[in-house]
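Since the structure comes first, as structure tokens, the remarks are kept for the end.
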There are 2 protein chains.
Amino acid sequence: MAKDLFSNLDLNLLRTFIILHQERNMRKASERLFVSQPAISKALQRLRDHFGDELFVKTHHGLRATEYANQLAESISPILDELSSTLNESNEFNPQELDGVIKIALSPFLLSAIANSLFQAIRTEAPNVQSAIIKLV
Amino acid sequence: MAKDLFSNLDLNLLRTFIILHQERNMRKASERLFVSQPAISKALQRLRDHFGDELFVKTHHGLRATEYANQLAESISPILDELSSTLNESNEFNPQELDGVIKIALSPFLLSAIANSLFQAIRTEAPNVQSAIIKLV
DNA sequence: AGATGTTACGGAGACCGTAATTATG
DNA sequence: CATAATTACGGTCTCCGTAACATCT
């Protein structure tokens with residue numbers, strides 16, 4: 001293969017690329033990214049150079065995405081979204097750090113079936129939780 | 001929320017993080033990333049600062065990953081892998097560039113159901129393909 | 001001593017912002 | 001003319017590498 005499009009890439013440029021693909025306008029993109037508009041232009045030049053494609057061509061109202069850019073955006077945008085949520089959620093739920101009281105709504109039928117194992121699991125995973133109140137619905 | 005762990009992150013650091021998690025040794029990581037070993041140390045400091053966790057603690061033979069680091073690696077490593085393959089493969093399959101003859105194996109039952117639309121699709125997406133031979137199985 | 005990670009320090013380069021320029025309607 | 005992108009240019013700030021230090025077996 002010619003060269004690795006991943007290893008040699010400044011990953012931060014992908015953020016700019018995605019925003020640019022959403023906005024199709026450098027000024028708007030620059031506002032969303034809190035940088036100047038020429039900074040976006042330079043970033044796009046780097047992206048073009050890296051991928052060997054124009055990616056976005058100048059038009060009347062702003063930019064038009066090339067087919068390559070569309071495919072690229074379509075494939076990497078969900079990945080970046082997933083990365084974003086993973087980074088932000090990974091830390092937010094740690095049962096070990098839970099304490100106080102938690103309340104769970106449950107139907108009587110389910111309750112009789114799983115209440116015991118549920119209590120066990122909570123006691124194990126979140127030892128600092130004082131008690132769990134189960135509300136019937 | 002306190003702060004966004006994605007937006008404010010230098011994504012390139014994640015590459016260092018993954019390698020570091022694989023090697024558990026700054027010297028080896030530095031070799032794989034073609035940088036000096038102190039550069040890795042600094043990068044790790046930035047990672048620690050960003051995530052608010054030690055991530056790797058010094059030991060006799062190198063480094064030991066914290067639980068946080070393990071969870072982080074476990075969750076983001078497949079995402080980065082996917083990003084890597086996507087970037088490198090996205091360009092490799094372009095139906096427009098296909099030519100010659102393609103062969104497709106298909107059961108008679110399926111054949112009768114989709115043969116027509118299949119031919120149509122191929123003709124449209126890959127106009128340079130001369131013919132498609134469908135082999136019954 | 002030999003391996004490790006950390007700190008200090010100086011320099012090179014990347015990146016940005018302001019301003020001027022070009023292109024396009 | 002108005003809006004948008006590109007280029008020029010100067011400055012800063014990040015990041016790296018060399019070297020010195022610290023720690024551990």
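Quick caveat: nothing in here was measured; it's all calculated off a predicted structure. The chains referred to below are lettered A, B, ... by the order of the sequence lines, with proteins before strands, and numbering in each begins at 1. The figures that follow rest on heavy atoms only: side chains count, while hydrogens, waters and symmetry mates do not.
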For DNA chain C, which nucleotides open and close the run of contacts to chain B, 5' to 3', at under 4.0 angstrom from a non-hydrogen atom?
-> C/dT4 to C/dT7

Check every strand shown and say whether B/R64 touches a base, only sugar-phosphate, or nothing at a heavy-atom separation below 4.0 Å.
-> nothing

Working to the nearest 0.5 Å, report the span between OG of B/S75 and CG of B/N70.
-> 10.5 Å

With a distance cut-off below 6.0 Å to the six-membered ring centre and an angular limit of 45° from the axis, does B/R15 pair with A/F6 as a cation-pi contact?
-> yes

For residues B/Q22 and B/I18, determine if any side-chain heavy atom of one lies less than 4.5 Å from a side-chain heavy atom of the other.
-> yes

Kindly give the heavy-atom pair with the smallest separation between A/N25 and A/H61, and that separation in Å.
-> ND2-O, 3.9 Å

Heavy atoms under 4.0 Å, any strand shown: does B/D10 hit a base, just sugar-phosphate, or nothing?
-> sugar-phosphate

Donor on one side chain, acceptor on other, B/H50 and B/D10, under 3.5 Å = no

Atom pair CG/OG of A/N88 and B/S7 - distance to nearest 0.5 Å | 7.0 Å

Are the side chains of A/L87 and B/L9 in touch, meaning some heavy atoms are under 4.5 Å apart?
-> yes

Proximity of B/Y68 and B/F56 rings by center, below 6.0 Å = no

When all nucleic acid strands are considered with a 4.0 Å heavy-atom cut-off, which category describes B/Q45: base, sugar-phosphate, or nothing?
-> sugar-phosphate

Start and end of the DNA chain D segment that chain B contacts, any atom under 4.0 Å from a heavy atom | D/dC15 to D/dT25

Which part of the nucleic acid, if any, lies within contact of A/R46, taking any heavy atom under 4.0 Å across all strands shown: a base, the sugar-phosphate backbone alone, or nothing?
-> sugar-phosphate

On DNA chain C, nearest-nucleotide positions of A/H60 versus B/L63: which is more 5'?
-> B/L63

For A/P38 and for A/T59, find the nucleotide of DNA chain D with the closest heavy atom, then tell me which residue's nucleotide is more 5'.
-> A/T59

